[in-house]
Amino acid sequence: MNEISPDQHPTAYVVDDDESIRTLWRWLMESNGIAVKTFATAAEFIESFSSGGAGCLVLDLRLPGMSGLELQEYLNSRGIEIPIVFVTGHGNVPAAVSALKGGAVDFIQKPFSHREVLSIIQKAFQRDAENREKRARRSRTADRLAALTEREREVLQRIIEGKPNKIIASELSISVKTVEFHRAKVMEKTGVDSVAELVHIAMQQSR
């Protein structure tokens with residue numbers, strides 16, 4: 001099976017061992033203009049999925065071989081972030097609780113309402129878009145902070161701690177004017193306009 005390449009348009013990745021259910025999902029998604037890829041097993045999905053692919057995973061709880069919950073654990077353990085919507089025909093409450101605790105965004109019970117499912121899929125796509133934007137912001141912040149010199153990082157740390165220029169100068173054995181220079185360079189390199197914004201992006205990176 002060829003690797004699924006990342007796409008700008010989100011895709012619903014459906015894993016269900018029932019061919020008739022996969023056919024139903026294909027029809028439901030495609031008839032509503034949603035890209036869809038279907039798989040009979042967790043192993044098929046793992047083999048084909050590119051972690052850069054936008055979208056969500058629609059995952060049957062009970063699967064031959066690796067179960068839906070096991071696939072969720074597998075993805076979590078590898079830091080693969082894709083919103084998961086679990087589907088079950090068994091109404092297994094403990095499994096639903098485990099799935100949601102593991103980060104699943106929703107839980108659908110068969111037979112399901114087409115309108116409800118479409119709404120849930122769109123919410124999962126929205127969650128994915130928000131997560132992607134957060135990761136992109138973290139990456140941009142990391143790049144900006146990485147561009148700082150060691151002295152600039154020392155000044156930044158003390159700015160975050162709320163220390164005035166005079167104290168920073170004393171601690172680093174430099175002049176207040178030099179602190180002001182480094183402070184200005186830090187703000188220039190990080191692209192911020194205020195100390196509050198500077199503290200915010202630095203704190204974001206530490207989360």
Side-chain angles (χ1 to χ4, degrees), residues 1-19 21-90 92 94-110 112 114-142 204-205 207:
M1 194 177 287
N2 295 327
E3 183 178 284
I4 301 165
S5 59
D7 199 337
Q8 292 298 319
H9 301 288
T11 297
Y13 299 97
V14 179
V15 185
D16 197 302
D17 62 324
D18 186 327
E19 187 175 356
I21 296 294
R22 293 199 302 276
T23 300
L24 171 62
W25 274 103
R26 274 196 300 272
W27 169 81
L28 181 58
M29 296 295 100
E30 288 172 353
S31 62
N32 285 278
I34 298 172
V36 59
K37 299 282 184 183
T38 62
F39 309 91
T41 65
E44 275 187 19
F45 171 76
I46 290 168
E47 180 189 345
S48 304
F49 180 66
S50 165
S51 61
C56 71
L57 174 58
V58 181
L59 185 55
D60 193 56
L61 222 115
R62 294 193 176 180
L63 293 167
M66 180 185 283
S67 72
L69 286 177
E70 287 170 340
L71 175 55
Q72 181 188 37
E73 290 170 6
Y74 173 90
L75 296 174
N76 285 344
S77 70
R78 281 157 180 76
I80 298 172
E81 298 181 53
I82 180 170
I84 299 175
V85 176
F86 273 98
V87 183
T88 182
H90 310 284
N92 189 329
V97 171
S98 292
L100 293 171
K101 281 184 177 178
V105 297
D106 219 321
F107 204 87
I108 301 169
Q109 192 169 344
K110 300 174 191 173
F112 47 74
H114 291 184
R115 184 175 295 178
E116 176 195 15
V117 162
L118 290 170
S119 173
I120 288 171
I121 295 299
Q122 291 299 344
K123 284 177 186 174
F125 283 166
Q126 181 61 34
R127 174 78 68 88
D128 184 57
E130 289 168 1
N131 289 344
R132 285 169 177 280
E133 177 54 30
K134 284 178 187 173
R135 290 197 294 272
R137 279 202 305 269
R138 285 200 298 267
S139 178
R140 289 193 296 269
T141 299
Q204 265 191 329
Q205 190 59 29
R207 285 174 192 166

Verdict with reasoning, F49 to I80, per side-chain contact (heavy atoms from CB on, under 4.5 Å):
CA-CA 10 Å; F49 180 66; I80 298 172; 3.9 Å; yes
Residue pair V85 / V105, side-chain heavy-atom distance below 4.5 Å
yes
Test side chain to side chain donor-acceptor pair (under 3.5 Å) applied to Q122 - qualifying residues, sequence neighbours left out:
none
Sequence neighbours excluded, which residues qualify as side chain to side chain donor-acceptor pair (under 3.5 Å) partners of E116?
none
Enumerate the residue pairs fulfilling salt bridge (charged side-chain N to carboxylate O under 4.0 Å, His left out) with a member in residues 67-80, sequence neighbours excluded, ordered by first and then second residue.
none
With sequence neighbours left out, write down each residue that passes salt bridge (charged side-chain N to carboxylate O under 4.0 Å, His left out) with D106, or none if nothing qualifies.
none
Residues that E81 engages under salt bridge (charged side-chain N to carboxylate O under 4.0 Å, His left out), provided they are two or more places apart:
R135
Got a list of side-chain donor-acceptor pairs under 3.5 Å for residues 23-33, not counting sequence neighbours?
from: T23; atom 1: OG1; to: E19; atom 2: O; distance (Å): 3.0
from: T23; atom 1: OG1; to: R26; atom 2: NH2; distance (Å): 3.3
from: R26; atom 1: NH1; to: T38; atom 2: OG1; distance (Å): 2.7
from: S31; atom 1: OG; to: W27; atom 2: O; distance (Å): 2.7
from: S31; atom 1: OG; to: L28; atom 2: O; distance (Å): 3.2
from: N32; atom 1: ND2; to: L28; atom 2: O; distance (Å): 2.8

Output, in order, the C-alpha distance, side-chain angles, deciding distance and verdict of side-chain contact (heavy atoms from CB on, under 4.5 Å) for Y13 and C56.
CA-CA 6 Å; Y13 299 97; C56 71; over 6 Å; no
D16 side, atom CG; D60 side, atom CG - distance, nearest 0.5 Å:
4.0 Å
If I compare all heavy atoms of S48 with all of F39, which pair ends up nearest, and what's the gap?
CB-CE2, 3.8 Å
Considering all heavy atoms of both residues, which atom of T41 and which atom of P64 are nearest to each other, and what is their separation?
CG2-CG, 4.2 Å
Option among V14, I121, V58 that satisfies the side chain to side chain contact (heavy atoms under 4.5 Å, CB included) test with V36:
V14
State whether D128 and R132 are salt-bridged, where the test is any N-O pair (Lys NZ or Arg NE/NH1/NH2 against Asp/Glu carboxylate O) under 4.0 Å.
yes
